[in-house]
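Only one structure is covered here, and it is reproduced in the block below.
Everything numeric in this text was worked out from a predicted model, so none of it was measured. Residue numbers start from 1 in every chain, and the chains themselves are labelled A, B, ... in the order their sequence lines are given, proteins ahead of strands.
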There are 2 protein chains.
Amino acid sequence: MMVMDLAQYQLGTSLQVPRGAHLFRTQDEVCGDLHFVRSGHLKLYQPCGDGVNRIIDFVRPGDWMGIDTIGEQQRHASALALTDCLIDVVQYRQLAELMDEEPYSCDLFSAMLSREIDRQQLAAAILRSAGACQRIVMFLLQRAGPAPQAPSPEMHSPLPMSRQDISDYLGLTPATVSRTLSALKRNGWISLGQRGFVVLSRSALEQVAAGAPANIIQHAA
Amino acid sequence: MMVMDLAQYQLGTSLQVPRGAHLFRTQDEVCGDLHFVRSGHLKLYQPCGDGVNRIIDFVRPGDWMGIDTIGEQQRHASALALTDCLIDVVQYRQLAELMDEEPYSCDLFSAMLSREIDRQQLAAAILRSAGACQRIVMFLLQRAGPAPQAPSPEMHSPLPMSRQDISDYLGLTPATVSRTLSALKRNGWISLGQRGFVVLSRSALEQVAAGAPANIIQHAA
DNA sequence: CGGGCCCTTGATATGAGTCAAGGGTGGTGG
DNA sequence: CCACCACCCTTGACTCATATCAAGGGCCCG
């Protein structure tokens with residue numbers, strides 16, 4: 001069978017990180033390792049002076065971390081566990097050796113980095129062009145994943161991060177995020193808990209994400 | 001001597017692209033090649049419905065293009081020459097072979113992709129947090145390059161793209177870009193031509209970029 | 001049961017967008 | 001070589017979305 005993901009090579013060692021703990025911090029020096037998330041959620045952020053944190057990304061099971069600092073001397077971000085996490089720690093040297101032996105793994109690795117560049121370009125494009133409502137709906141759809149098969153209902157999707165984190169990530173304020181989520185709920189398009197949500201009308205959300213006029217959203221009566 | 005950049009391996013073939021011509025388009029299928037810019041400037045953009053173009057990036061001499069679509073079937077963007085360009089076309093297969101023979105080149109390539117991810121993350125962070133004036137000043141400083149040695153004056157930096165392109169890239173409107181540039185000029189911080197500019201007070205610009213209150217900018221008298 | 005923190009919601013302020021008009025520049029054709 | 005034309009850049013007045021400031025409520029944890 002074809003190896004589809006570098007994670008299947010069983011490199012590296014396992015590591016548990018409890019909720020609220022740091023996997024690494026900006027000031028850490030060692031950078032020879034990559035991290036693969038087996039389970040749990042983390043946030044990548046840059047503490048930038050004051051108490052203000054710039055959220056770089058949210059990391060989910062199956063994602064890699066640290067591929068932005070290969071060959072660098074210092075981390076560019078801190079990684080904080082939003083839930084209990086199970087992490088694989090992989091030395092870049094190990095990967096390099098693997099790529100040396102098996103050219104195909106080199107292609108896998110290049111493609112992975114390439115996809116990450118594309119993801120970041122897409123994120124930047126969204127930040128450039130989309131308004132608040134559109135950003136939030138895109139964020140929700142991304143977290144909800146692809147549509148389930150016809151008869152099955154939409155699943156509950158976790159939102160392990162705070163509203164503050166969401167707003168930082170989307171370039172908005174907590175107030176705007178809260179307002180918009182409330183409006184989406186009022187319209188019956190999502191159901192909303194403190195740390196999760198359920199898509200109720202995927203088609204409506206997809207229309208907003210596609211750029212449909214968001215005037216649909218009204219202030220609370 | 002140490003090889004510092006993949007471009008020094010003299011792979012690939014040369015190609016001239018005149019101003020206004022496309023190097024490739026979104027709909028092109030072939031994706032086995034990368035492009036290295038020897039001279040000239042290009043813009044990467046996505047034609048997204050209507051006449052609206054999303055600017056992905058501006059590409060300068062020494063930059064690589066196409067590293068966001070390694071292993072993909074289709075281009076994610078179109079590349080248009082803003083000036084006459086000299087391009088090296090490099091097959092990814094060639095690079096892969098090189099990496100197979102010389103492990104060090106593999107590290108170079110990984111590091112290059114890694115840096116690109118970091119660049120995109122930084123760009124996204126700027127779009128999330130910075131206001132119009134801050135974005136424009138950061139853009140100018142980035143294009144002006146690092147400060148020259150003490151006695152030498154600031155160099156003239158080219159702006160080969162239209163105001164429309166700049167505004168798309170920064171997530172603003174042409175009107176706002178024009179207004180802000182005019183204000184910077186009025187303050188004596190830059191001198192401004194149609195297709196270029198000169199930094200007159202780097203310290204002032206750096207303060208704004210660092211987040212200094214941008215109220216310094218007033219409406220035209 | 002109590003307290004702190006985060007989330008929600010309202011009223012108001014403001015920065016950037018929109019609409020629109022005038023002027024400069026570069027390119028084309030006579 | 002000059003004149004014309006189209007396109008883009010600049011600038012102004014106004015609008016609107018989102019930030020800001022502020023208060024109340026609910027949830028989780030101790």
Could you please name the option among [options] that lies closest to any side-chain atom of [X]?
X: B/R195; options: D/dA13, C/dC7, D/dC9; value: D/dC9
X: A/T173; options: D/dT20, C/dG17, D/dT10; value: D/dT20
X: A/R19; options: C/dC7, D/dC29, C/dG17; value: D/dC29
X: A/S182; options: C/dT8, C/dA16, D/dT10; value: C/dT8
X: A/R179; options: D/dA19, C/dG10, C/dA16; value: C/dG10
X: A/L192; options: C/dT8, D/dT18, C/dC7; value: C/dT8
X: A/Q194; options: D/dT18, C/dA16, D/dC27; value: D/dC27

Identify whether any heavy atom of [X] sits under 4.0 Å from a base atom; if not, whether one sits that close to sugar-phosphate; answer base, sugar-phosphate or nothing.
X: B/G193; answer: nothing
X: A/S162; answer: sugar-phosphate
X: A/L172; answer: sugar-phosphate

Would you kindly give the [atom1]-to-[atom2] distance between [X] and [N], to the nearest whole Å?
X: B/M161; N: D/dC7; atom1: CE; atom2: P; result: 22 Å
X: B/N53; N: D/dC8; atom1: CG; atom2: P; result: 12 Å
X: A/L181; N: C/dC6; atom1: CG; atom2: P; result: 17 Å
X: A/F197; N: C/dC7; atom1: CZ; atom2: C1'; result: 18 Å
X: A/L127; N: D/dT18; atom1: CG; atom2: C1'; result: 15 Å
X: A/R128; N: C/dA16; atom1: CZ; atom2: C1'; result: 18 Å
X: A/D165; N: C/dC6; atom1: CG; atom2: P; result: 10 Å
X: B/I136; N: D/dT10; atom1: CD1; atom2: C1'; result: 14 Å

*Does a salt bridge link B/D57 with B/R119, judged by any charged N lying under 4.0 Å from a carboxylate O?*
yes

_Salt bridge present between A/D84 and A/R19 (N-O < 4.0 angstrom)_ =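 Judged by the 4.0 Å cut-off on N to carboxylate O distance, A/D84 and A/R19 do not form a salt bridge.
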
_Given 3.5 Å as the limit, does a donor-acceptor pair link the side chain of B/T83 with the main chain of B/H41, or not?_
yes

_Check whether A/S114 reaches the backbone of B/I70 with its side chain - one donor and one acceptor, N or O, closer than 3.5 Å._
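Pair found, side chain donor or acceptor close to backbone of B/I70.
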
*Determine whether B/I136 and B/L170 make a side-chain contact, defined as any pair of heavy atoms from C-beta on separated by less than 4.5 Å.*
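Touching, per the 4.5 Å side-chain cut-off.
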
_Measuring to OP1 and OP2 of C/dT8, would you say a side-chain N or O of A/R163 lies under 4.0 angstrom away?_
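Answer is yes, contact under 4.0 Å.
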
*Determine whether the aromatic ring centres of B/H156 and B/F197 lie less than 6.0 Å apart.*
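Ring centroids of B/H156 and B/F197 are no less than 6.0 Å from each other.
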
*Using heavy atoms to find the nearest nucleotide of DNA chain C for B/A175 and A/Q164 separately, return the residue whose nucleotide is more 5′.*
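Going by which nucleotide is closer to the 5' end, it is A/Q164.
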
_Position toward the 5' end of DNA chain D (nearest nucleotide), A/T176 or B/T176_ = B/T176

